[in-house]
> 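Mind looking over this structure? Questions follow.
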Amino acid sequence: MDLDSDVVEMTELTKEPLEDIEQGGVEQENVEGPDPPGSSLPIKEPFDPTNINIVTKNPVVDLIIKRIVRHEIDLNPDFQRHPDVWDRKRKSRLIESLLLCIPIPVFYMAADEEDTWQVVDGLQRLDTLKLFILDKKLRLRGLEYLNQFENHSYDDLPRPMQRRLNETELFCHVIQPGTPREVMFNVFKRINTGGKPLSLQEIRHALNPGRARDRINELATDQTFLEATTNSVSTKRMADRECVLRFIAFHLQPLNAYKGDLDAFLVKAMESLNKDVSEEQWALLSADFRRAMRLATALFGTEAFRKPPKKRRSRHRDALADELSLVDERRSPINKPLFESWSVNLARLDESQGQRLIKQRETVQNRFLSLIRQDKFVESISIGTQWDEQVRTRFEEIETLLREVLE
């Protein structure tokens with residue numbers, strides 16, 4: 001229920017169209033697909049409902065600001081979305097809504113043992129309040145009804161309006177400590193519907209503080225990753241970090257450890273990065289990642305981790321037509337299932353094997369074009385991409401392709 005993006009637009013005062021979720025430079029993925037035969041995709045390991053402990057609090061804005069000052073609310077700048085998600089007009093209209101006594105959506109927090117709150121849903125709203133009241137860096141622009149306060153800062157407001165803002169009650173649902181992390185993730189997925197919901201990677205990032213975040217960000221900003229993806233994977237919704245995390249998860253854990261729940265698999269990888277992976281192990285893992293990125297670039301250039309344009313997949317096209325099709329067709333976006341299956345398989349090769357592949361670059365490309373014509377493989381990277389069978393298919397087919405080229 002993350003309504004941060006269009007809080008004011010959801011009021012009766014300003015009903016403007018809600019934006020679509022940004023795809024972040026990656027192909028929109030059908031993770032669940034229709035239910036696979038013989039399965040209704042139930043929760044595989046039901047949790048004890050008594051472990052869910054969520055309380056509702058109604059602090060006034062002034063108390064929230066004091067919590068922020070005392071670091072009792074973790075705004076977690078590393079988790080914040082790209083700074084241009086909310087422009088000044090949107091921030092100003094949030095403040096206008098509060099000054100008009102229009103209720104805004106509830107906030108969702110996760111409390112630790114010391115009752116410090118981590119914000120998972122409501123970050124942009126809280127950041128706007130901090131920017132206006134505490135930092136004094138926001139001047140109101142584009143107001144719809146309170147035009148007399150146009151270009152006002154917090155200090156410029158009449159005292160009665162300051163008081164009205166400070167004494168406004170906010171509604172906060174706080175997940176209490178002791179609630180299992182997998183339950184927290186499930187709860188946030190269930191409530192995370194609305195105007196611009198959090199991406200699943202943003203939820204994972206929020207619920208897994210620690211060095212895992214820094215490690216994932218290290219690789220997401222590495223030049224080898226940026227070159228392999230042609231700087232096309234957006235940072236706005238953490239699509240870049242999900243790509244990196246999917247590599248890490250399938251590189252750290254054997255394929256047979258995957259049981260059809262991608263969220264749980266990726267969360268487990270983040271937990272491992274926090275607790276189990278030493279600095280020496282991380283150095284080896286990150287070296288494998290960089291080697292895989294360099295090799296993917298050498299083999300596929302700007303087409304790495306992308307589905308070839310449909311015209312190139314046809315069996316009956318001559319070389320000139322194929323060359324023209326590259327001009328006529330837009331390049332496909334990054335496909336996350338292709339990213340994980342290619343990158344992990346390439347990371348398993350040593351430098352000598354990589355050089356042998358590069359010498360047979362055209363063979364690799366042609367074999368991949370043949371593979372992408374097979375319905376079973378295309379389905380494995382397009383439909384129900386988290387199913388066990390689909391994951392096994394794409395990993396095993398690419399492994400077979402590489403092995404046969406190297407023979």
> Does anything in residues 332-346 pair up under salt bridge (charged side-chain N to carboxylate O under 4.0 Å, His left out), and if so which pairs, sequence neighbours excluded?
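Non-adjacent pairs meeting salt bridge (charged side-chain N to carboxylate O under 4.0 Å, His left out): Glu29-Lys336, Glu242-Lys336, Arg246-Glu340, Glu340-Arg394.
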
> Taking the six-membered ring for Trp, are Phe250 and Phe265 closer than 6.0 Å centroid to centroid?
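Ring centroids of Phe250 and Phe265 are less than 6.0 Å from each other.
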
> Does the side chain of Tyr145 come within less than 4.5 Å of Glu96's, by heavy atoms?
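A side-chain contact exists here, since the closest heavy-atom pair is under 4.5 Å.
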
> Could you tell me how the ring of Phe289 sits relative to the ring of Phe339: parallel (under 30°), tilted (30 to 60°) or perpendicular (over 60°)?
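Geometry flag for Phe339 against Phe289: tilted rings.
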
> When you measure from the side chain of Asn274 to the backbone N and O of Arg211, does any donor-acceptor pair fall under 3.5 Å?
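Between the backbone of Arg211 and the side chain of Asn274 there is a qualifying donor-acceptor contact (under 3.5 Å).
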
> Would you find more than 12 non-hydrogen atoms of other residues, nucleotides or ligands less than 6.0 Å from Glu150 atom CD?
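Atom CD in Glu150 is crowded, with more than 12 foreign heavy atoms closer than 6.0 Å.
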
> Classify the side-chain pair Asp222/Thr224 by whether it contains a donor and acceptor separated by less than 3.5 Å.
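Result is yes, a qualifying pair exists.
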
> Could you tell me whether the side chain of Arg215 and the main chain of Ser286 form a donor-acceptor pair under 3.5 Å?
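No, Arg215 side chain to Ser286 backbone: no donor-acceptor pair under 3.5 Å.
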
> Between Gln353 and Arg356, does any side-chain donor sit less than 3.5 Å from a side-chain acceptor?
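No - no donor-acceptor pair under 3.5 Å links their side chains.
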
> If you count every heavy atom of other residues, nucleotides or ligands that lies below 6.0 Å from Glu114 atom CD, does the total exceed 12?
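No.
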
> Can you check whether Ile381's main-chain N or O pairs, donor with acceptor, with Gln390's side chain at less than 3.5 Å?
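No; zero donor-acceptor contacts below 3.5 Å.
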
> Side chain of Gln162, backbone of Tyr154: donor and acceptor closer than 3.5 Å?
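Yes, because the side chain of Gln162 sits within donor-acceptor range (under 3.5 Å) of the backbone of Tyr154.
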
> Taking the side chain as every heavy atom from C-beta outward, state whether Val60 and Asn166 have any pair of such atoms under 4.5 Å apart.
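Not touching, per the 4.5 Å side-chain cut-off.
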
> Does the gap between the ring centers of Phe107 and Trp117 come in under 6.0 Å?
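No.
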
> Are Asn53 and Val55 side-chain neighbours, meaning at least one heavy-atom pair lies under 4.5 Å?
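Contact flag for Asn53/Val55 side chains = yes.
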
> Run the salt-bridge test on Arg291 and Asp350 with the 4.0 Å N-O cut-off and return the result as yes or no.
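No salt bridge links Arg291 with Asp350.
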
> Determine, stepwise, if the pair Ser382 / Lys307 fulfils side-chain contact (heavy atoms from CB on, under 4.5 Å).
CA-CA 10 Å; Ser382 306; Lys307 295 177 182 176; 2.8 Å; yes

> Scan for side-chain hydrogen bond (donor to acceptor under 3.5 Å, both in side chains) pairs involving residues 128-143, sequence neighbours excluded, and state none if there are none.
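The answer is Lys130-Asp135, Lys136-Asp155, Arg139-Asp156, Arg141-Asn151.
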
> Has the side chain of Arg306 got a donor or acceptor atom that lies under 3.5 Å from a matching backbone atom of Glu27?
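Not confirmed, Arg306 side chain does not pair with Glu27 backbone.
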
> Should the ring pair Phe368 and Phe377 be called parallel, tilted or perpendicular, given that the plane angle runs from 0 to 90° and is split at 30 and 60?
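Rings of Phe368 and Phe377: perpendicular, as their planes differ by over 60°.
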
> Are any side-chain N or O atoms of Asn217 and backbone N or O atoms of Arg213, one a donor and one an acceptor, separated by less than 3.5 Å?
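No: the side chain of Asn217 does not pair with the backbone of Arg213.
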
> Ignoring hydrogens and geometry, is there a side-chain-to-backbone donor-acceptor pair from Arg204 to Val267 under 3.5 Å?
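Absent.
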
> Going by an N to O cut-off under 4.0 Å, is there a salt bridge joining Asp261 and Lys268?
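Salt bridge between Asp261 and Lys268, a charged N being under 4.0 Å from a carboxylate O: no.
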
> Tell me, with the steps shown, if Phe225 and Glu218 meet side-chain contact (heavy atoms from CB on, under 4.5 Å).
CA-CA 10 Å; Phe225 173 77; Glu218 175 188 330; over 6 Å; no

> Which atom pairs, donor and acceptor, lie under 3.5 Å between side-chain atoms of residues 396-403 and protein residues at least two apart or in another chain?
from: Thr400; atom 1: OG1; to: Glu396; atom 2: O; distance (Å): 2.9

> Is any side-chain heavy atom of Ser380 closer than 4.5 Å to one of Pro337?
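They are not in side-chain contact.
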
> Using a 4.5 Å cut-off on heavy atoms from C-beta on, say whether the side chain of Glu379 contacts that of Glu389.
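They are not in contact (no side-chain heavy atoms under 4.5 Å apart), so the answer is no.
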
> Should Arg290 and Glu227 count as an ion pair when the cut-off is N to O under 4.0 Å?
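Judged by the 4.0 Å cut-off on N to carboxylate O distance, Arg290 and Glu227 do not form a salt bridge.
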
> Which one of Ile54, Thr116, Leu126, Asp74 satisfies the side chain to side chain contact (heavy atoms under 4.5 Å, CB included) criterion with Met109?
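Among the candidates, only Leu126 passes.
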
> Do the non-hydrogen side-chain atoms of Phe247 and Leu285 ever get within less than 4.5 Å of each other?
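Counting from C-beta outward, Phe247 and Leu285 do come under 4.5 Å.
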
> Between Tyr258 and Gln386 (side chain of the first, backbone of the second, donor and acceptor by atom type, cut-off under 3.5 Å), is there such a pair?
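Between the backbone of Gln386 and the side chain of Tyr258 there is a qualifying donor-acceptor contact (under 3.5 Å).
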
